[in-house]
*Asks:* 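One structure, pasted below without further comment.
Because the structure is predicted, anything quoted here is derived from the model rather than measured. We name chains A, B, ... by the order of the sequence lines, and we start the count at 1 in each one.
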Amino acid sequence: MQLFEHNPIKIYNSLSGKKETFTPIETGYVGMYVCGPTVYSNVHLGNVRTFMSFDMVFRYLKHLGYKVRYVRNITDAGHLENDADAGEDKITKKARLEQIEPMEVVQRYTVDFHNILNTFNFLPPSIEPTATGHIIEQIELISTIIENGFGYEVNGSVYFDVHKFNETHEYGKLSKRKLEDLIHNTRELDGQSDKRNPQDFALWKRAEPQHIMRWPSPWSDGFPGWHLECTAMSTKYLGEQFDIHGGGMDLKFPHHECEIAQNEAAKGKSPVNYWMHANMLELNGQRMSKSTGNTVNPDELLSGNNDFFSKAYAPSVIRFFIAQSSYRSVLDLTNDGLLASEKGFYRLMDAVNLLEKLEVSKASTININAWRQSCYDAMNDDFNSPILIANLFEAAKYINQIKEGKETISAEDLATLTNTMNIFVFDVLGLENVVKNDSGTDKLTGAVNVLIKLRQEARANKDFALSDKIRDELAEAGILLKDGKDGTTYSVN
RNA sequence: GGUGUCGUGGCCGAGUGGCUAGGCUCAGCUCUGCAAAAGCUGCUACAGCGGUUCGAAUCCGCUCGACACCUCCA
């Protein structure tokens with residue numbers, strides 16, 4: 001009996017605009033695709049938030065016993081700056097600026113991306129395919145779309161015929177747009193003469209002579225359009241229809257809309273059963289933007305080397321901060337918010353670290369199984385991590401009360417409590433236990449315990465000047481003493 | 001201009017018809033030699049105006065405001 005059998009999940013499906021009970025295509029198996037980063041610069045913090053949301057989805061599905069194939073691509077072929085562009089893409093542009101090969105850019109920022117995600121304790125996806133590794137699949141896909149009458153070639157470039165597609169299909173059904181409205185609201189851009197209509201999008205672009213990233217194709221030496229790779233790779237690794245497709249809210253249109261169109265044009269099927277979109281991350285109430293300077297890199301946030309925050313924050317504190325809001329809400333990154341989360345996070349960790357020191361009684365004063373189920377209920381409801389965390393704090397309070405002798409717990413319930421806390425805090429939320437506690441084995445513990453003992457002797461002799469000196473100087477060194485009923489413990493800042 | 005999301009207490013942030021999360025901050029208390037930590041208590045909110053209902057933060061309408069997308073963007 002797997003956990004998922006009695007834990008039905010509800011997922012907010014962007015396609016229907018409603019929460020729907022999740023039913024995978026194959027019982028026990030989940031195929032999930034998330035649009036990955038374009039590796040032309042350091043990974044954006046907003047990217048981190050989006051991927052972290054899906055990391056928690058991945059973690060929870062795995063915990064429930066699903067066999068999950070999680071595919072998150074690396075876009076290394078470069079998107080066009082815009083459709084009117086003569087052919088220089090982001091990666092080529094960056095390469096020219098930095099006087100290096102495009103693939104060098106890709107390599108550098110792919111490594112950066114992985115480093116940052118490792119720092120934040122991400123689980124690696126099952127498959128992390130690259131766009132440049134799937135040129136052949138993309139060319140085949142274009143051929144099929146042309147054969148089916150939804151693509152046309154002009155001057156070595158191939159475009160998707162949105163108007164033709166819309167005659168028999170519904171372009172805009174994900175983003176709730178109508179082609180008519182799009183026609184009225186599309187700006188006239190220069191250099192679009194190749195397209196039959198401004199709403200059409202590129203499937204293949206002929207490369208200009210100076211363009212370094214290029215591949216041969218039936219139409220020209222060129223490169224694939226920027227919506228195509230996700231269709232090609234999701235189909236290859238998850239099939240023509242799969243369970244969950246995720247990404248940032250800003251990809252809903254046009255990127256995901258075009259993915260649906262390409263799939264339907266090529267395979268005649270709508271590819272995805274559940275579309276999930278993570279909302280935006282703001283910095284001090286405004287969108288992050290490099291041009292206005294209202295932006296901070298992940299490594300700057302972690303190191304404290306920035307103009308926005310008063311200090312450096314641990315990766316788990318940031319993870320905790322993000323988990324305290326719903327993935328579907330806009331989240332505002334502020335110093336006050338991070339400070340509040342930091343305090344809460346360490347309080348939670350302190351409680352977790354107390355678990356192994358609790359004394360058991362014959363009976364428990366709370367219903368631990370009901371509490372445990374409420375943790376599952378929270379995550380089953382569209383991965384509601386804020387509610388889950390509220391439940392974890394309920395447990396923290398209970399743990400502290402047990403320690404104070406105000407509540408009791410049985411040995412069996414303590415095992416359940418410990419197990420459940422570990423599951424949700426570490427396995428599902430992906431937090432790391434950064435609080436060093438006195439495990440009684442390392443040398444620091446020995447040394448601090450000597451000082452604690454000296455202080456206790458001083459206190460017994462009413463030499464409070466000495467005892468306070470020990471306490472205060474340890475505090476300055478980052479070691480906080482906590483006097484409890486059963487003696488003194490410490491924590492390291 | 002169009003489309004969409006949303007406006008919750010000092011701050012952050014859940015909650016979609018009645019039982020009204022959680023964190024942080026602040027005040028008081030318990031504990032303590034004093035602190036810290038922990039516990040207890042208090043502060044009780046849903047942008048505004050109408051409407052539906054026995055009952056609305058939650059549904060409907062309007063107004064005001066914010067954000068995102070419509071162009072590369074997670």
*Asks:* Looking at A/Asn400, does any N or O in its side chain come under 4.0 Å of the phosphate oxygens OP1/OP2 on B/G39?
*Replies:*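 True: A/Asn400 side-chain N/O within range (under 4.0 Å) of B/G39 OP1/OP2.
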*Asks:* Set out, line by line, the N/O atom pairs under 3.5 Å between protein and nucleotides 24-26 of chain B.
*Replies:*
unit_1	atom_1	unit_2	atom_2	d
B/C24	OP1	A/Arg347	NE	3.2
B/U25	OP1	A/Lys343	NZ	2.3

*Asks:* Within the 4.0 Å heavy-atom criterion, would you say A/Glu282 contacts the bases, only the backbone, or no part of the nucleic acid?
*Replies:*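 Since only primed, P, OP1 and OP2 atoms lie under 4.0 Å of A/Glu282, the category is sugar-phosphate.
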*Asks:* Between atom NZ in A/Lys406 and atom P in B/C31, what is the gap in whole Å?
*Replies:*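 Between P of B/C31 and NZ of A/Lys406: 10 Å.
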*Asks:* Taking any heavy-atom pair under 4.0 Å as a contact, classify A/Arg328: base, sugar-phosphate, or nothing.
*Replies:*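 Touches nothing.
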*Asks:* Please produce a list of atom pairs where a protein N or O lies less than 3.5 Å from an N or O of nucleotides 18-21 of chain B.
*Replies:*
none

*Asks:* Does any nucleotide pair with B/C34 by Watson-Crick or G-U wobble geometry, both distances under 3.5 Å, and what is it?
*Replies:*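 B/C34 is unpaired by these criteria.
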*Asks:* Within 45° of the ring axis of A/Phe122 and under 6.0 Å from its six-membered ring centre, is that where the NZ or CZ of A/Arg319 lies?
*Replies:*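 Relative to the ring axis of A/Phe122, which defines the angle, A/Arg319 lies inside both limits.
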*Asks:* Find the partner of B/C11: check Watson-Crick (N1-N3 plus N6-O4 or O6-N4) and G-U wobble (N1-O2, O6-N3) distances, both under 3.5 Å, and reply none if neither fits.
*Replies:*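 Check on B/C11: paired to B/G23, both distances under 3.5 Å.
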*Asks:* Going from OH on A/Tyr33 to OG1 on A/Thr231, what distance comes out if it is rounded to the nearest 0.5 angstrom?
*Replies:*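 Here the interatomic distance stands at 8.0 Å.
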*Asks:* Under 4.0 Å between any heavy atoms, over every strand shown, what does A/Gly337 touch: base, sugar-phosphate, or nothing? Just pick one.
*Replies:*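 Nothing: the residue A/Gly337, judged by heavy atoms under 4.0 Å, touches no strand.
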*Asks:* For the atom pair CZ (A/Phe201) and NE2 (A/His255), what is the distance rounded to the nearest 0.5 Å?
*Replies:*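 Going from the CZ atom of A/Phe201 to the NE2 atom of A/His255 covers 10.5 Å.
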*Asks:* Using the rule side chain to side chain donor-acceptor pair (under 3.5 Å), only one of A/Arg328, A/His256, A/His245 pairs with A/His277; which is it?
*Replies:*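 Only match with A/His277 under side chain to side chain donor-acceptor pair (under 3.5 Å): A/His256.
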*Asks:* Does one side chain, of A/Tyr376 or A/Asn391, offer a donor that lies under 3.5 Å from an acceptor on the other?
*Replies:*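 Their side chains do not contain a donor-acceptor pair, so the 3.5 Å distance test is not met.
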*Asks:* Using Watson-Crick or G-U wobble geometry with both distances under 3.5 Å, which nucleotide pairs with B/G65?
*Replies:*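 Base-paired to B/C6.
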*Asks:* Between A/Lys397 and A/Phe393, is NZ or CZ placed under 6.0 angstrom from the six-membered ring centre and within 45° of the ring axis?
*Replies:*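 Output no; distance or angle outside limits.
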*Asks:* Select base, sugar-phosphate, or nothing to describe what A/Phe253 touches, counting heavy atoms under 4.0 Å on all strands.
*Replies:*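 Contact class for A/Phe253: sugar-phosphate only.
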*Asks:* Mind calculating the distance between CD (A/Glu457) and C1' (B/G33) to the nearest angstrom?
*Replies:*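 Answer to the nearest Å: 17 Å.
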*Asks:* How do A/Leu481 and A/Cys35 order along RNA chain B: which one's closest nucleotide is nearer the 5' end?
*Replies:*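 The residue closer to the strand's 5' end, by nearest nucleotide, is A/Leu481.
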*Asks:* Hey, does the side chain of A/Asn279 come within less than 4.0 Å of B/A74's phosphate (OP1/OP2), counting only N and O?
*Replies:*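 Answer is no, no contact under 4.0 Å.
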*Asks:* Any donor-acceptor pair under 3.5 Å between the side chain of A/Asp468 and the base of B/A35?
*Replies:*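 Counting by modelled atom types and ignoring angles, no donor-acceptor contact under 3.5 Å is found here.
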*Asks:* Specify the separation, in whole Å, of atom OH of A/Tyr490 and atom P of B/A37.
*Replies:*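 One finds 19 Å between P of B/A37 and OH of A/Tyr490, rounded.
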*Asks:* Whole-Å distance between B/C73 P and A/Trp226 CH2?
*Replies:*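 So the two atoms are 3 Å apart, to the nearest Å.
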*Asks:* Once you apply the 3.5 Å cut-off to both distances, tell me the Watson-Crick or G-U wobble partner of B/U53, or none.
*Replies:*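 Partner of B/U53: none found under 3.5 Å.
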*Asks:* Using whole Å, what does the distance between atom P of nucleotide B/A74 and atom CG of A/Asn73 come to?
*Replies:*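 Answer to the nearest Å: 10 Å.
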*Asks:* Just to be sure I understand the rule, does A/Thr334 reach a base, reach only the sugar-phosphate, or reach nothing, if contact means heavy atoms closer than 4.0 Å?
*Replies:*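 Answer is nothing: A/Thr334 stays at 4.0 Å or more from every strand.
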*Asks:* Nearest-Å distance, CZ (A/Phe345) to P (B/G23)?
*Replies:*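 Taking atom P of B/G23 as the reference, CZ of A/Phe345 is at 16 Å.
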*Asks:* Is there a ring-ring contact (aromatic ring centres under 6.0 Å, His included) between A/Phe51 and A/Phe113? Walk through the geometry before answering.
*Replies:* CA-CA 11 Å; A/Phe51 298 145; A/Phe113 174 65; 5.8 Å; yes
*Asks:* Looking at every strand, decide which applies to A/Ser175 at a 4.0 Å heavy-atom threshold: base, sugar-phosphate, or nothing.
*Replies:*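 The answer is sugar-phosphate, as A/Ser175 gets under 4.0 Å only of primed atoms, P, OP1 or OP2.
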*Asks:* A/Asp483 has a side chain; which of B/C34, B/A37, B/A74 sits nearest to it?
*Replies:*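 Comparing B/C34, B/A37, B/A74 against the side chain of A/Asp483, the answer is B/C34.
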*Asks:* To the nearest 0.5 angstrom, please state how far the CD atom of A/Gln456 sits from the CG atom of A/Leu454.
*Replies:*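 Taking CD in A/Gln456 and CG in A/Leu454, the distance rounds to 9.5 Å.
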*Asks:* Map A/Asn391 and A/Gly285 onto RNA chain B by nearest heavy atom, then report which one ends up closer to the 5' terminus.
*Replies:*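 First, find each residue's nearest nucleotide; the 5'-ward one identifies A/Asn391.
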*Asks:* Using 4.0 Å as the upper bound for N to carboxylate O, is an ion pair formed by A/Glu257 and A/Arg177?
*Replies:*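 Result for this pair is no, no salt bridge flagged.
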*Asks:* One thing to verify: whether A/Lys403 and A/Asp350 come together as a salt bridge, which I'm taking to mean a side-chain N less than 4.0 angstrom from a carboxylate O.
*Replies:*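 No, this pair does not count.
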*Asks:* Could you tell me how far B/G17 sits from B/C59 if I compare only their P atoms? Round to whole Å.
*Replies:*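 One P to the other, the span is 8 Å.
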*Asks:* Check the distance between B/A38's C1' and A/Tyr398's OH and give it to me in whole angstrom.
*Replies:*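 It is 16 Å, rounded to the nearest whole Å.
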*Asks:* Would you say a side-chain N or O of A/Lys397 is under 4.0 Å from OP1 or OP2 of B/C40?
*Replies:*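 Checking B/C40 against A/Lys397, a side-chain N or O does come within under 4.0 Å of OP1 or OP2.
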*Asks:* Roughly how far, to the nearest 0.5 Å, is CG of A/Leu354 from CD1 of A/Ile399?
*Replies:*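 Between A/Ile399 CD1 and A/Leu354 CG, I get 7.0 Å after rounding to 0.5 Å.
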*Asks:* B/C29 pairs with which nucleotide, Watson-Crick or G-U wobble, both distances below 3.5 Å?
*Replies:*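 Check on B/C29: paired to B/G39, both distances under 3.5 Å.
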*Asks:* Rounded to the Å, how far apart are A/Met288 CE and B/A68 P?
*Replies:*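 Taking atom P of B/A68 as the reference, CE of A/Met288 is at 12 Å.
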